[in-house]
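Proteins get letters first, then strands, A, B, ... in listed order; numbering begins at 1 in each.
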There are 2 protein chains.
Amino acid sequence: MARLPEYLRALHNLAESGHETVSSEGLSAAAGVNSAKLRKDLSHLGSYGTRGVGYDVALLIEQIEFVLGLTQRRAVALVGVGNLGHALAGYDGFASRGFRIAALLDADPSRVGEEINGLVVRHVDDLPTVAAEESLAIGVIATPAAAAQQVADQLVAVGVTSILNFAPCVLSVPEGVDVRKVDLAIELQILSFHEHRKASLTALPATGGSALTALPGGFATTDTQEAIGT
Amino acid sequence: MARLPEYLRALHNLAESGHETVSSEGLSAAAGVNSAKLRKDLSHLGSYGTRGVGYDVALLIEQIEFVLGLTQRRAVALVGVGNLGHALAGYDGFASRGFRIAALLDADPSRVGEEINGLVVRHVDDLPTVAAEESLAIGVIATPAAAAQQVADQLVAVGVTSILNFAPCVLSVPEGVDVRKVDLAIELQILSFHEHRKASLTALPATGGSALTALPGGFATTDTQEAIGT
DNA sequence: AGGCGCTTGTGAAGACGTGCACAAATCGCG
DNA sequence: CGCGATTTGTGCACGTCTTCACAAGCGCCT
């Protein structure tokens, strides 16, 4: 499940603040989900908490990290050292959460050679060489949309089987390669949709006008946390 | 639906390449979804394509932009001008997709006054002043996790009702405020999970060992595009 | 005008995720 | 040792999303 990493983060927080065990209620609150859902997720792990007590924090961290494949620190290749690529290269959240940026690559010769955070930018055509040095399984694409497909092909060619794509486009990849997409503008547009919905509901609740103005009511969006606590 | 922005992006691409109309089949391919799903989504809009022909690209863009509330260019406040904040401030995808960064804010006095992309960084305590100048509805949090909740409270206090949170933590906000979260490390961890799953499947398919080694098989993750085309 | 091919819109079936509510299990205490 | 408080694990029901398959509608060509 995609919620496991969220649980893991919450568990690390709990461990740092000295908790040895945690109840499903407590953990679910920290992770922002329903407690029944959390218990069901953990039961799918085969993870055994003890009834009446809760879950052993350290053990649970270990189990989740195993399932997520974080027992080994995975090497990540980052392609595209523009605005966003720079930020990603300097993001310490990767290092602290089980990943190591093994190479920075770019197609622009004027960027090659630049040093960012202790790593030297290499040309994207050096990918085969890089892959020979390191065991690359994950690639991150932070290039403009126009270059993304070509970069994806190059990554796949050197054996990368998981791609995180920040470019606003659909990638086509062979079977067995996983792609996850993050589009920052889309996130904002979804929020904008919620704004529009809220505005129409409060402004003219009794208008009942054309089909268009009546629309924004009946939509549902996923992955949105709304109104948790106060 | 959360897919509308994806359709919108695909439609803009089609419009640029000169298409006047598009079939559900064509658009769904460009957006990376099932064609029946796309038709159902669009029918929820009340949007009328013409049978035998397809959808009018320009009209559909107009309709989706209306539903998403993109007819007005929304002002966004960006709090936290660190590594990631810098990148977001310089990201042209926001401007080109209906948003305008109206203010850059940070709590660190040494960062206040810095100019990024034509905007001067102001202190986060100036939020009420900024909100008085602009009609702020959306806030973006790109601060460390420790500061995120306080910033969220400040944003809510000045009337922001939608928050995009890049900090790895759960925010608590009053009812009526929408929060969307983007955690870059979590995306990588999900990919790592897939890697681990693939590795276990290919390496020891007949081992049938402990419960732990047998685990990673039966999981499902959402939002993952796998094996599109070749 | 009529027929044919193409495309939309939708009914129905199935898969999936979610949350409630409760039985089973464990610990601590008298 | 037994009892009560607490918490996990899960059966069940419900609503949502997804997908197939097909009827209805539109335009073009003859």
Side-chain angles (χ1 to χ4, degrees), chain A residues 1-4 6-7 10-11 14 19-60 63-64 67 190 211-212 215 217-228, chain B residues 1-4 6-7 10-11 14 19-60 63-64 67 190 211-212 215 217-228:
Chain A
M1 305 276 184
R3 285 185 294 268
L4 288 180
E6 192 72 36
Y7 301 158
L11 283 166
L14 288 168
H19 294 70
E20 302 244 325
T21 65
V22 65
S23 69
S24 65
E25 202 71 39
L27 182 53
S28 68
V33 301
N34 183 293
S35 69
K37 198 191 307 193
L38 180 134
R39 285 199 299 276
K40 194 153 288 190
D41 287 347
L42 293 188
S43 78
H44 281 17
L45 286 186
S47 138
Y48 285 8
T50 44
R51 309 184 179 206
V53 178
Y55 298 91
D56 183 291
V57 173
L59 178 65
L60 201 49
Q63 291 209 8
I64 293 181
V67 174
I190 292 172
L212 274 179
L215 287 178
F219 269 91
T221 48
T222 52
D223 276 351
T224 308
Q225 124 186 15
E226 183 161 6
I228 291 183
Chain B
M1 306 279 186
R3 285 184 296 266
L4 288 180
E6 193 70 38
Y7 300 159
L11 283 166
L14 288 168
H19 294 69
E20 302 243 327
T21 64
V22 65
S23 70
S24 66
E25 203 71 39
L27 182 53
S28 68
V33 300
N34 184 293
S35 69
K37 198 192 305 195
L38 180 135
R39 284 200 300 275
K40 192 149 287 189
D41 287 346
L42 293 187
S43 77
H44 282 18
L45 286 185
S47 139
Y48 284 9
T50 43
R51 309 184 179 206
V53 178
Y55 299 91
D56 183 291
V57 173
L59 178 65
L60 202 49
Q63 290 206 10
I64 293 181
V67 173
I190 293 173
L212 275 178
L215 287 178
F219 269 91
T221 47
T222 51
D223 275 351
T224 307
Q225 122 186 18
E226 183 161 4
I228 291 182

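- OP1 and OP2 of dT26(C) both lie 4.0 Å or more from every side-chain N or O belonging to Tyr48(A).
- Comparing Lys37(A) and Gly54(B) by the nucleotide of DNA chain C that holds the closest heavy atom to each, the one mapping nearer the 5' end is Gly54(B).
- Residue Asp41(B) holds its CG atom at 11.5 Å from OG of Ser24(B), rounded to the nearest 0.5 Å.
- Within the structure, a side-chain polar atom (N or O) of Arg3(A) is placed less than 4.0 Å from OP1 or OP2 of dT18(C).
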Applying side-chain contact (heavy atoms from CB on, under 4.5 Å), run through Arg39(B) and Ser35(B) and close with a yes or a no. CA-CA 6 Å; Arg39(B) 284 200 300 275; Ser35(B) 69; 3.8 Å; yes

Determine, stepwise, if the pair Leu27(B) / Tyr55(B) fulfils side-chain contact (heavy atoms from CB on, under 4.5 Å). CA-CA 9 Å; Leu27(B) 182 53; Tyr55(B) 299 91; 5.5 Å; no

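- Distance check: Lys40(A) NZ to Arg3(A) CZ gives 11.0 Å after rounding to the nearest 0.5 Å.
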If you apply the rule side-chain contact (heavy atoms from CB on, under 4.5 Å), what do you find for Tyr7(A) with Val33(A), and how did you get there? CA-CA 9 Å; Tyr7(A) 301 158; Val33(A) 301; 3.9 Å; yes

Could you walk me through whether Leu4(B) and Leu45(B) satisfy the side-chain contact (heavy atoms from CB on, under 4.5 Å) test, starting with their C-alpha distance in whole Å, then the side-chain angles of each, then the deciding distance to 0.1 Å, before giving a yes or no? CA-CA 10 Å; Leu4(B) 288 180; Leu45(B) 286 185; 4.2 Å; yes

Output a table of nitrogen or oxygen pairs between the protein and nucleotides 27-30 of chain C separated by less than 3.5 Å.
none

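- Each of dA21(C), dT7(D), dC20(D) was ranked by its minimum atom distance to the side chain of Ser23(A); first place goes to dT7(D).
- Scanning atom types as modelled, no donor and acceptor separated by under 3.5 angstrom connect the side chain of Lys40(B) and the base of dT10(C).
- Atoms CG (Leu60(B)) and C1' (dT7(C)) sit 15 Å apart, rounded to a whole Å.
- Protein atom NE2 of His44(B) is 12 Å distant from nucleotide atom P of dG9(C), rounded to whole Å.
- Following rounding to the nearest Å, Leu45(B) (CG) and dG9(C) (C1') show an atom-to-atom distance of 13 Å.
- Checking dG9(C), dT19(D), dG9(D) against every side-chain atom of Arg39(A), the shortest atom distance belongs to dG9(D).
- Straight-line distance from the CG atom of Asp41(A) to the P atom of dT18(C): 8 Å, rounded to whole Å.
- Across the protein-nucleic acid pair, Tyr55(A) atom OH and dT26(C) atom C1' stand 14 Å apart, rounded to whole Å.
- The CE atom of Met1(B) sits 11.5 Å away from atom CG of Leu38(B), with the distance rounded to the nearest 0.5 Å.
- The nearest whole Å value for the distance from the OH atom in Tyr7(B) to the P atom in dT8(C) is 13 Å.
- Proximity of Ser24(B) to the phosphate of dT7(C): no side-chain N or O atom is located under 4.0 Å from OP1 or OP2.
- Atom pair Asn34(A):CG and dG17(C):C1' shows a separation of 12 Å (rounding to whole Å applied).
- Atom CD in Glu25(B) sits roughly 14 Å away from atom P in dG9(C) (whole-Å rounding).
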